[in-house]
Structure formats: structure tokens, C-alpha cells
Amino acid sequence: RMVPSPLAEHAILLASTFLFPPVAFVVVIVILLATLGKSLGLRERYVATLIYIFEWGAGQIKTTAKLKRKESLMPLDVPIIDSDEEEEEEEEEVDEDENERRTARSDGYESSSGLSRRRRNSANSVSSRASSVCSLRRRHGSGNNIIMRDTQLILDDEDDLPIETMHVNSRGWAVIGDSVDFIKNGIEAIIEDEVTSRFEAEQLMTWNMLTRTSTRFFQFVNWKLTVLYMAGFVFRYAFLLPMRITLFVIGLVFMLVSTAVVGIFPDGALKKTLNHKAMLTCHRILSRSISAVVYFHDEQYKASNCGIAVANHTSPMDVMVLSTDNVYALIGQSHGGLLGLMQRALSRASSHIWFERSEAKDRLAVSNKLKDHVSDPEKLPILIFPEGTCINNTSVMMFKKGSFEIGSTIYPIAMKYDSRFGDPFWNSSEQSWGEYILRMMTSWAIICHVWYLPPMTKLENEDAVDFANRVKKVIAARGGLVDLEWDGMLKRCKVPPKMVAKQQEKYANRLSRYTSTCEHLTRTPGSAPTLNDEAEDDEGIAASPTISGYNSLEELPEDVAITDEEDNVPPVPRSRSRPVSRVVEAPN
Amino acid sequence: MGNNSSLMLRDEEIDVISKETEFNRNQIVRLYSRFLSLDKKAQGFLEREDLLNVPELAVNPLGDRIVDAFFTLAGDEIDNEKRLNFRQFVRVLAFFQPVDRSKKNSLNGRRDKLKFAFIMYDLNKNGYITREEFKVILNSMVGANITTDQLDKIADRTIEEADVDHDGRISFEEFCKAMEKTDIEEKMSIRFLN
């Protein structure tokens, strides 16, 4: 057993005595402010100071790097001029990743030429205040571009290409030629693809004095930065962390107590008002426990009554962040433990929808519960995250259509976190809940911009999937995120065979349009293309037995919805993915 | 303060790879970062699974075949599992560099690019593409949308047209000849950024 020496013990006790009053004082003030819904503007000032420090740090790194470059001899390198310039871009776009806690070791050194845009932005964003929204919105890349992609697999539905025949010398060799395109696409995907980068932490531009983000920097760091880093470390772990934990506990207790009190009242207007106040207060306290600085825009579009609010999903904190401004009903899987306790507490004060895991697979039941809730005007708007999983906040992935089928008004919300001060993204397959919380509480701050968007409803002639895509597009545009067609569930599971089958169908279409000098091809309307040889009987594809045994795409088994346990999201049915692919040559 | 175990690529290694493959230093480092992000289990090498984890590759009808060719060209086989270390990874990618006619480059000439495609078709790696092998590839590309008969016909004609020595199968030379008119240099070049 380790017993601290008497001197050390003495020192620790003294330190904690001195620290205690400030911490207690701060805690009391914070709670008071949270209850009143006001803010001293301290957090904003804190954030501005941090930016100033980071900027200075970035400058330091640049100077050190330059010095190092000059010192080292690299005869095999590209001419010095180019590499220096590259270096400059590098330092300004350095990134960090969790070192000890994650396996996302996707740091390379360098940035790409495509980042000259970001360089301007980095200058912008570093010198302006945290509340400068425009530059934040432009930062949605997730890394270094290695290649300029020429081919793409297009996933969204598009009209079939006009029926035209292409004359080729031989169909077989045309196929081989096409296969080369597929090869190119495959290799390009291996080098760089849109999806895998979305499940890693966003790469930052300047070092933010956290060890977790320091991998690329440590060789460029000089003593001044080290001192600064040490100071920051002490500040975060010795001051911020205890304060935040205390706040968190208080917030939790407040939630339990207030919901119990509100639960006594009979359902009615009074209960609703009390619930409103209680929820706002407790979420504000909780949000201060991670030093969340949230900016809300366009508050006139806030969801007020019975509707569904949808937002893009980045972290478990999303619910809390959004709840500091408006009160929502939640929907999700019921958990045990602490989370279960909170869920039960919330349910006492207003109605939420919690599912058992087994129920989650039953789409109809989910859908019905949603419908019931939404049609009751007394109930609060439901908050749903249609992506179904956490994405790293640089893009928006496929929305599941379940919530868009109900037919009620949708209130879209776009959320964009500024990860310079702490990255809220949680990859549940790489980090446990505890690690994640600790990381959150030892970050500088969590900064988020929330945009409320005008409500949308499904149009007559569009189906749920199209509606979902429309909403997704709007959210992505507002938040400055990349709009992707890929399914967020790909984080955990493999690509479903349906998607591959669709690809094949597309290619078969193309193949049918080839006419070689001795063969003819026809296409019967309404069915899959027919390959018809002159010397052969006409065998429609639909009529003849096919190789794989399925007569059509529709017969492929539907995938079962996989629920996301960690996220508090509704296990809405997985949409029938209808991606269509085609290997195309991008216009140069 | 920060730990450098993740930067496992040493300068000398970068130099060696650079000489071998004509990639410059920046590109190699970026490719290394990509290698690391594909190597989710942090084993230091890639397996088939790792490459097929890329959704865009998994959706590609020839995804499987491409991964296979990748490993055949450069991987080692250990315990019946194919593995690819970083150097091998870059070597294969070097095949896809644009052809620079001025340089005497052994890694990315026309024949080398065709080699990749040939290996992809030649399933049993005996140096010849047979009718059956071609059918497998064609089947991967169109899936359920074609009948066995039609598949056979196309395959037969394809082999016939290119089979110069009439041995019923296509050798690498015959393959190159048949692809003469195709602009392989363009089709199989990837634009690497500097």
C-alpha cells in the first residue's frame, strides 16, 4: 500500500483547502445562473482566450517546424520551395486524435493541396471569435486528400440512361474493358473513400493543447508550448474536472428530484409548465458540467407542439444540448442502470417513448407508438435522430425513413460542433462510455451551433425516402456538412447484399446496350433487359431460370433492423436502401 | 507528452519506398495514414477483411476480385491468411500511377497495369484465363440478371476472339494484344495529388 509521505500529504491537503472555496463558489454561481437562464458571458470570454492561446501555439509550431526543416538534410525530397509551402499548410492544418484512448491513428503528416481553401479558413477561424459561424461551417473535410477521384459509385436513384445501343467489336471484350473501370474505382476506394473517414474524429487544424490530439505535433513542440501544455493540463484536471463532476452530480440530483415533484401533479397545463421549467434548468446545469457553449440561431422556427424534430447525430450530448433551449419528448430504447434511472425520472414528468429491445425490431409497433404520440396535441414534440448512429459531424448520412412516414410536420435542426475545444464524437466501438465521459469532462469546452430550420411536410407526390433526403439536404446545407447517401449503420455492419445486387443490375443494363457486329440486343418494356442473339430463341430474362435462383431483386431477404444500443435513438426501421451505382467518369 | 508509437514509419523506410515506387515523401506519408486507418485491429498489416471494410469497395461487384488481385500481386501468405504490409501496399498502388513516358519506369507501364487486370481474371493463377474463369468474372458483374446460356455464349465468343494459338485459353500475351485498342494507360491511372 502506498502511503504518501507526510510532506506530500500536507501539501495535498493545503491545496485542496485552497481550491475548495473557489470551486464551491463557482458551483453555486453556476447553478444560480442556470436556474435563472442567464449567463455571465464568462464562457464566451473563456473560449476567446483559448483561441488566442491556440493561435499563438500554432505560430510556435510553425516556427519550430521551419527550423527543423532547415536543419535536416533531405536530398531526395521534392525541391525545398514546394515542401516548405507544404509544411506551412501542414502546421495550420494539423490534427490530433486521441492517442491513448482511441485507435484512430489516421494522422498523417501532411495536408493536401485541396486544403488551400482550408488554409484561408484556418486563418479566419483562428483569428475570429468562436461565434464566427461561417468559417466553422466550411470545415467539413475529414482529412487529407491523396488522390483526385475520377470514378464514383453513385448511390442515389436516378433515371435510367436513355436507351441507346453502343456498337462494340465484341461484347466480351467490352465487358473486360468495363471491368477495368470497376478496378479503378475499387482501387480509388481503397485509397480514399467517403465513408470510413466519417467515423473517425474530425481532423483539426491547430493543436488545442490536449495530449489526445498531439500526435502530429510533439516533435514540433518547443519548451514554451510544453509549459503551456502543462499549465493547461493542471487546469483541466485539477480545476475543471472536479468542478464539472460536482455540477454533473448536482444536475442529476436536481433532475431526479424535480421530476419526482412534477410527477405529483395531475396532467394538465400546470404540469406542462412546471415540466418545461424543470427540464430547461436541469439541462442547463448538466450542460455546464461539460462547459457547453451553445449558440442557437433562428429561434422562430423552434418546434412548439406536436411534431417531430429531427437533427443530425454526433454524440450522446446532442439531446442535452438541444434541451437547453426547448423541451422535447424523447424516444429510445430502455436501458438499465444510471441511464434507466434517468429515463424513468423523465417519464414521470412528461410522456416519453421507451422501448424494450425486443419491441424495437417490430417496425409496425414503433410506427404506431410514434403516430399516437404525435397526434396528441398535448404532448411535446419528439426529438429523433434519423441517422441512427453517431457520425463525426463532418457529414450527414442516410436518414432512416421511419419517422418520415408518419405524416406529421418535421422540424429540422442542424447541429455543428466546433471540435477545436473538444471533440464530442463518440465511436462506441472504440471507446467505452466511461472513457468518453472522462474525455468530455477534461476537454476545454464543447461548442455547438444549432440552427432551427423552417418546418417541412411531406408533399403529395413524394414518398418517405425522398422526403427524408430532402430534409437531410436542408440540414446538411445549413450546418455546412457534406450530404452523403451512405448508411450510417455501415459503421458496424457490412454492406448488405442488396446494394451489390443493385450494382449488378445496373451493369447488366449497360451490357444489354452493347451491340456487336453479329448480335442484336432488344429491350422489352417494363422488364429487365434481354440479351437476344440472332441465332437464338428470344429468352426474356424474367422468364428463364436465372443463375442465382432469385427471379427478381424483390425476393432478396430484407435485412433486419439493428438497433443502436448506445445511442438514445429510436430503432426505426431500416430503410430499403435503393442505391444505384454506376461507374462514371467524372467530368474533368 | 504525446506518444510517438503511432508514427511507426521511419525516414529510411520512406526513402526506400520512395525510390522503389516513385511516390514522393508526402504521398507516402499520406498513404501510410490511410494504411493505418484501414488497419483497424492495429496489427501492422492488412488482411482481406480490412480492405473489404471499405463500403465503396464492398459494393463494387468486383470488390472481392480486386482484393484478391491486390494480395496476389504483393502479399505474403502466413497461416493461410494473406497479409499485406505497408511497403507491399504501396507497391501495388504504384501500378496505378500515371504513365510517365519520359521516365523509364518499371512499375507502372502499360504491361504492368494490364498485369493487374490479368491477375484478377486468372483465378487459379496459372497464367491463363480460361472460359470458366471468365464466366465467373462476368457473373460477378451482372449477377442475377443474365442466364447461364447467355453467359456461356459471351464467354465463348470472348475466348475465341482473342485466342490466337487456339489452346482454348488466354495467355497474358494474348490478353495484351486483345486490349491493344483500349486506352489502358488512361483507364488504369489514378491521379495522385502532390
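By convention in this document, chain letters (A, B, ...) are assigned in the order of the sequence lines, proteins followed by strands, and residues within each chain are numbered from 1.
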- How long is the gap from CD1 on Ile66(B) to NZ on Lys184(A), to the nearest 0.5 Å? 12.5 Å

- Message: Measuring from atom CG of Leu31(B) to atom CD of Glu192(A), what distance do you get when rounded to the nearest 0.5 angstrom?
- Response: 9.5 Å

- The residue among Val92(B), Leu51(B), Val54(B) that forms side chain to side chain contact (heavy atoms under 4.5 Å, CB included) with Ile190(A) is Leu51(B)

- Task: Dump the intermediate steps for side chain to side chain contact (heavy atoms under 4.5 Å, CB included) on Ile191(A) and Phe192(B), then the final yes or no.
- Result: CA-CA 10 Å; Ile191(A) 297 177; Phe192(B) 287 92; 3.7 Å; yes

- Counting heavy-atom pairs under 4.5 angstrom with chain A, the leader among Gly63(B), Ala117(B), Ser140(B), Ala155(B) is Ser140(B)

- Given a strict heavy-atom distance threshold of 4.5 Å, which part of Ile129(B) is in contact with chain A: side chain, backbone, both, or neither? neither

- Message: Assess the residue pair Asn185(A) and Glu56(B) against the criterion (side chain to side chain contact (heavy atoms under 4.5 Å, CB included)); give the C-alpha distance rounded to whole Å, side-chain angles, the decisive distance to 0.1 Å, and a yes or no.
- Response: CA-CA 9 Å; Asn185(A) 177 267; Glu56(B) 213 170 330; 4.0 Å; yes

- Query: With side chains defined as the heavy atoms from C-beta onward, is the minimum distance between Phe95(B) and Ile187(A) less than 4.5 Å?
  - Reply: no

- Flag if over 12 foreign heavy atoms under 6.0 Å of CZ, Arg48(B): yes

- Note on the structure: Checked Leu62(B), Leu52(B), Leu38(B) vs chain A; the most non-hydrogen pairs under 4.5 Å come from Leu62(B)

- Task: Pick one of side chain, backbone, both or neither for Leu138(B), based on which atoms fall under 4.5 Å of a heavy atom in chain A.
- Result: side chain

- Note on the structure: Residues Asp181(A) and Lys187(B): closest non-hydrogen pair is OD2-NZ, 3.3 Å

- Report the distance from atom OG of Ser179(A) to atom CZ of Arg65(B), rounding to the nearest 0.5 Å. 11.5 Å

- Message: Counting heavy-atom pairs closer than 4.5 Å to chain A, which one of Phe134(B), Phe116(B), Tyr121(B) comes out on top?
- Response: Tyr121(B)

- Task: Provide the closest heavy-atom pair for Met141(B) versus Val175(A) in the form atom of the first, atom of the second, distance.
- Result: CE-O, 3.8 Å

- Side-chain contact test, heavy atoms from C-beta onward, threshold under 4.5 Å: evaluate it for Ile183(A) versus Phe96(B) and give yes or no. yes

- Task: Would you name the heavy atoms of Arg34(B) and Ala189(A) that are closest together and state the gap between them?
- Result: NH2-O, 3.1 Å

